[in-house]
Q: 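Have a look at the structure that comes next, please.
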Amino acid sequence: IGAQTNIDSLRNEINSGTDTNKLEIYYTLFWEYLYRDPTEATLLADSVLAVAQKMNYPTGRGMAHDAYMNIAILKADYESAKYHIKEQKKINISIGNKFTNSAYHQSLGQVYYYESQFDSAAYHFEKASEVYLALNYLDFHANMLVNIGSIYQQIGRLDVAVNYFIEAEELLVNEFKD
């Protein structure tokens with residue numbers, strides 16, 4: 001019931017506020033619907049893109065490509081997902097987003113993982129991990145270490161996987177002091 005209340009509240013806000021608010025609400029709603037109703041999620045991604053184009057807002061176009069990438073992954077349309085990843089990277093470069101390379105590599109790692117191309121997935125997660133570490137985003141760095149550990153777990157290299165999991169856990173414990 002809580003999720004539906006959140007959705008209803010967001011839908012009520014769409015008609016009020018600025019285009020930027022509408023874009024953010026459409027994007028938030030996209031995530032609410034992605035796994036429960038992909039058709040509705042696609043319509044919401046289309047709305048994100050339409051508002052972003054109306055505003056000539058590159059960040060919004062990047063959000064739309066992120067949404068389309070996730071829809072493509074859900075449909076196992078990995079070539080389409082890679083297209084949207086590359087388009088999002090172009091946009092992020094144009095606006096100087098400091099997460100351009102980490103987002104690019106993280107997304108490609110995800111796609112390669114789903115394609116069972118584990119060497120490529122590990123490579124891209126490692127590259128994303130390096131960027132997050134350089135930017136001192138230790139929680140995101142730890143998430144990439146978990147992803148790499150999951151790859152090694154998937155291919156039966158449990159000894160290597162455990163080392164990645166332990167390294168990630170140590171980072172998170174030190175980062176959050178819990």
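Count residues from 1 along the sequence.
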Q: Between the side chains of Y132 and Q106, does any donor sit under 3.5 Å from an acceptor?
A: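 Y132 vs Q106: donor-acceptor pair found between side chains.
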Q: Is it the case that the side chain of T100 and the backbone of N97 share a donor-acceptor pair, with hydrogens and angles ignored and the cut-off at 3.5 Å?
A: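 It does hold such a pair.
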Q: Which atom names give the shortest non-hydrogen contact between A121 and G109, and what distance separates them?
A: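 So the two residues come closest at CB-O, 3.5 Å.
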Q: Hey, what do you get for CE (M144) to OH (Y164), rounding to the nearest 0.5 Å?
A: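 Answer rounded to 0.5 Å: 13.0 Å.
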Q: Are L138 and L135 grouped together when hydrophobic residues (ILVMFWY) are joined by side-chain heavy atoms under 4.5 angstrom apart?
A: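 Linked, L138 and L135 end up in one cluster.
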Q: Just say parallel, tilted or perpendicular for the rings of Y78 and Y114, cut-offs at 30° and 60°.
A: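 Judged by the thresholds at 30° and 60°, the geometry between Y78 and Y114 is parallel.
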Q: Apply ring pair (Phe, Tyr, Trp, His ring centres under 6.0 Å) to Y123 and list each qualifying residue two or more places apart in sequence or on a separate chain.
A: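 Per chain and number, Y123 pairs via ring pair (Phe, Tyr, Trp, His ring centres under 6.0 Å) with no residue.
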Q: NZ/K98 to CG/N92 distance, rounded to the nearest 0.5 angstrom?
A: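 Rounded to the nearest 0.5 Å, the NZ-CG separation comes out at 13.0 Å.
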Q: Within the structure provided, determine whether K82 and E115 are in side-chain contact (heavy-atom separation under 4.5 Å).
A: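 Sidechains of E115 and K82: in contact.
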Q: To the nearest 0.5 angstrom, please state how far the OH atom of Y33 sits from the OG1 atom of T28.
A: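 Nearest 0.5 Å value for the OH-OG1 distance: 12.5 Å.
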Q: For the residue pair N101 and K127, establish whether any side-chain heavy-atom pair is separated by less than 4.5 Å.
A: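 They are not in side-chain contact.
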Q: Would a 4.5 Å heavy-atom cut-off, applied to side chains only, mark F30 and S47 as touching?
A: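 With C-beta onward as the side chain, the pair stays apart.
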Q: State, with a plain yes or no, whether a side-chain heavy atom of L108 is found less than 4.5 Å away from one of F125.
A: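 In short, these two side chains do not touch, never coming nearer than 4.5 Å.
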Q: Does N70 form a side chain to side chain contact (heavy atoms under 4.5 Å, CB included) with W31? I'd like the steps, not just the answer.
A: CA-CA 9 Å; N70 281 283; W31 286 105; 3.4 Å; yes
Q: For Y113 together with F118, are the ring centres under 6.0 Å from each other?
A: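 Between F118 and Y113, the centre distance is under 6.0 Å.
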Q: Taking all heavy atoms of M69 and all of Q110, pick out the closest pair and write down the distance.
A: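 Nearest heavy atoms, M69 then Q110: CE-OE1, 4.5 Å.
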Q: Is atom CG of D119 surrounded by more than 12 heavy atoms (other residues, nucleotides or ligands) closer than 6.0 Å?
A: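 No, the 6.0 Å shell around CG holds no more than 12 heavy atoms from other groups.
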Q: Same cluster for I95 and M55 if Ile/Leu/Val/Met/Phe/Trp/Tyr side chains link at under 4.5 Å?
A: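 No; M55 is not reachable from I95 via cluster members.
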Q: Quick one: closest heavy-atom pair of G60 and L23, and the distance?
A: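 Nearest pair, atom of G60 first, then L23: CA-CD1, 3.7 Å.
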Q: Taking NZ, NE, NH1 and NH2 as the nitrogens, is one of them in R36 or E40 under 4.0 Å from a carboxylate oxygen of the other?
A: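 Looking at E40 together with R36, the answer is no, because their closest N to O distance does not fall below 4.0 Å.
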Q: Is V146 linked to V131 within one hydrophobic cluster, defined over Ile, Leu, Val, Met, Phe, Trp and Tyr using a side-chain heavy-atom separation of less than 4.5 Å?
A: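 Unlinked, V146 and V131 end up in two clusters.
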Q: Can you see whether D66 engages Y27 through a side-chain donor-acceptor pair at a distance of less than 3.5 angstrom?
A: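 Per modelled atom types, D66 and Y27 side chains form a pair under 3.5 Å.
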Q: Once rounded to the nearest 0.5 Å, what's the spacing between atom OG of S129 and atom CD of E167?
A: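 Result: 7.5 Å between the selected atoms.
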Q: Can you name the closest pair of heavy atoms from A161 and G149 and give their distance?
A: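 Result for this residue pair: CB-O, 3.2 Å.
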Q: Answer yes if L44 and L74 sit in the same cluster of Ile, Leu, Val, Met, Phe, Trp and Tyr residues linked by side chain heavy atoms under 4.5 Å apart, and no otherwise.
A: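 Looking at the clustering, L74 is in the same group as L44.
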Q: Quick check against the 3.5 Å criterion: does S107 have a side-chain atom that pairs as donor or acceptor with the backbone of A103?
A: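 Pair found, side chain donor or acceptor close to backbone of A103.
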Q: Does any non-hydrogen side-chain atom of E169 lie less than 4.5 Å from one of L145?
A: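 No, side chains not in contact.
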Q: Taking salt bridge (charged side-chain N to carboxylate O under 4.0 Å, His left out) as the test, write out the residues that go with K86, two or more places apart.
A: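 By the salt bridge (charged side-chain N to carboxylate O under 4.0 Å, His left out) rule, K86 matches no residue at all.
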Q: With a 4.5 Å limit on heavy-atom distance, are the side chains of I71 and P38 in contact?
A: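 SC-SC contact between I71 and P38 ruled out.
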Q: Is there a side chain to side chain contact (heavy atoms under 4.5 Å, CB included) between E130 and E126 once you walk through the steps?
A: CA-CA 6 Å; E130 291 169 7; E126 183 65 39; 3.8 Å; yes
Q: Measuring from M63:CE to I91:CD1, what's the distance to the nearest 0.5 Å?
A: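 Between atom CE of M63 and atom CD1 of I91 there are 11.5 Å.
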Q: Would you give the length of the straight line joining atom CD of Q53 to atom CG of L49, rounded to the nearest 0.5 angstrom?
A: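 With rounding to 0.5 Å, CD (Q53) is 4.0 Å from CG (L49).
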Q: Could you give me the CA-CA distance, side-chain angles and deciding distance for Y152 and L158, then say whether side chain to side chain contact (heavy atoms under 4.5 Å, CB included) is met?
A: CA-CA 6 Å; Y152 282 105; L158 299 181; over 6 Å; no
Q: According to salt bridge (charged side-chain N to carboxylate O under 4.0 Å, His left out), who are the partners of E87, at least two apart in sequence or on a separate chain?
A: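 E87 satisfies salt bridge (charged side-chain N to carboxylate O under 4.0 Å, His left out) with K90 once adjacent residues are dropped.
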Q: Is there a side-chain contact between F165 and Q153 (heavy atoms, below 4.5 Å)?
A: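 In contact.
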Q: So, Y137 and N143: side-chain donor and acceptor under 3.5 Å apart, yes or no?
A: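 No.
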Q: Do the side chain of Q88 and the main chain of G62 share a donor and acceptor less than 3.5 angstrom apart?
A: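 Yes, the answer is positive, given that a donor and an acceptor are paired below the 3.5 Å cut-off.
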